[in-house]
Protein chains: 2
Amino acid sequence: MISDDAALDAAFLALADPVRRSIIARLSRGPATVNELAEPFEISKQAVSKHIQVLEQAELVTRTRDAQRRPVHLNPARLEALTSWIDQHRLVREEQFRSLDAVLETSAGQAAPKAKEEQ
Amino acid sequence: MISDDAALDAAFLALADPVRRSIIARLSRGPATVNELAEPFEISKQAVSKHIQVLEQAELVTRTRDAQRRPVHLNPARLEALTSWIDQHRLVREEQFRSLDAVLETSAGQAAPKAKEEQ
DNA sequence: TTGTTTATAAACCTTTCGGTTGATTAATAA
DNA sequence: TTATTAATCAACCGAAAGGTTTATAAACAA
């Protein structure tokens, strides 16, 4: 389970690009080589290679070796770590919106409580 | 449920920053004003205001009005949309990694010559 | 009215991102 | 050996991100 800032930065940033998300979607059906992954896109193979490096650095994918090929594999554990982070902050209290004024009144009373940071 | 590329870009990008994730974490405990949200950080309030705009544009948060204040509220639905996207691509087959060569053999059948033999 | 609080806008700077092209490495095939 | 295939490296470019400071707007309090 990651909760490290830099690791979350890298992972969320990696998913913030349609090409990389598309690569993830492809890999969810099984491993693929760079050439295979590059084929659907109109950008250069080098650009796709860079995208894969971004995903790899975020540890969302791993790579193996098969002769000249460097097959790319999804790392489902990292994806799960992201849903885990999100779930921890998804706020259940549905009434929070309605009781806004009351909440503000209360929390503005004293100096704002030092945020506890994500964990 | 969002699946729109631009919306996903914006949402994942918004989470790819420790300040913005920290803001989300804070908001998961209830709404807050810009000043309250800015207090824990060493950056300027203007910078925090920009971060909030990024979150707002990604529709991860919404804003209301309370006199001079512009309270920020979490939008749990958007967060859920992200976990939903991830879950759709989280690949269950655990054996995928082991059967790499077989998979490559199959998918490379028409594109490449003879793949490597079993290890 | 004047002043204070809350927040944004505008201009600017530096770093990073996503893309390109051309050269290079590594493994394999002939 | 030479050629082919698979992929990366390196240098470069324009656009966007994240920060700053200064100035402005909007609501309220006196």
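Lettering of chains follows the sequences in order, A, B, ..., and the numbering in each one begins at 1.
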* Asked: Just to confirm, is there a sub-4.0 Å distance from OP1 or OP2 of C:dT5 to any side-chain nitrogen or oxygen of B:Asn35?
  -> no

* Hey, which of these two, A:Val19 or A:Gln46, hits DNA chain C nearer its 5' end, going by closest nucleotide? -> A:Val19

* To do: Check whether any side-chain nitrogen or oxygen of B:Thr33 sits under 4.0 Å from OP1 or OP2 of C:dT6, and answer yes or no.
  => no

* How do A:Arg70 and B:Lys50 order along DNA chain D: which one's closest nucleotide is nearer the 5' end? -> A:Arg70

* To do: Send over the distance from B:Ile43 CD1 to D:dG18 C1', rounded to a whole Å.
  => 8 Å

* To do: Kindly say if B:Ser49 contacts the phosphate of C:dT8, meaning a side-chain N or O under 4.0 Å from OP1 or OP2.
  => yes

* Do the side chain of A:Arg78 and the main chain of A:Ala58 share a donor and acceptor less than 3.5 angstrom apart? -> yes

* Asked: Hey, any chance A:Val54 and A:Leu37 share a hydrophobic cluster, counting ILVMFWY side chains that come within less than 4.5 Å of each other, even indirectly?
  -> no

* Atom CZ of A:Phe12 to atom C1' of D:dA17: distance rounded to whole Å? -> 18 Å

* Measure the spacing between CG of A:Leu55 and CG of A:Leu13 and express it to the nearest 0.5 Å. => 10.0 Å

* Rounded to the nearest angstrom, tell me the gap between atom CD1 in A:Ile52 and atom P in C:dG18. => 14 Å

* For A:Arg20 and C:dC17, is the shortest distance between a side-chain N/O and OP1 or OP2 below 4.0 Å? -> no

* Asked: Start at the 5' end of DNA chain C and walk down; is the nucleotide closest to A:Gln68 or to A:Lys45 reached first?
  -> A:Lys45

* B:Phe41 CZ to D:dT20 P: how many Å, rounded? -> 12 Å

* Single hit among B:Val72, B:Val48, B:Val61, B:Leu74 for side chain to side chain contact (heavy atoms under 4.5 Å, CB included) with B:Ile23 -> B:Val48

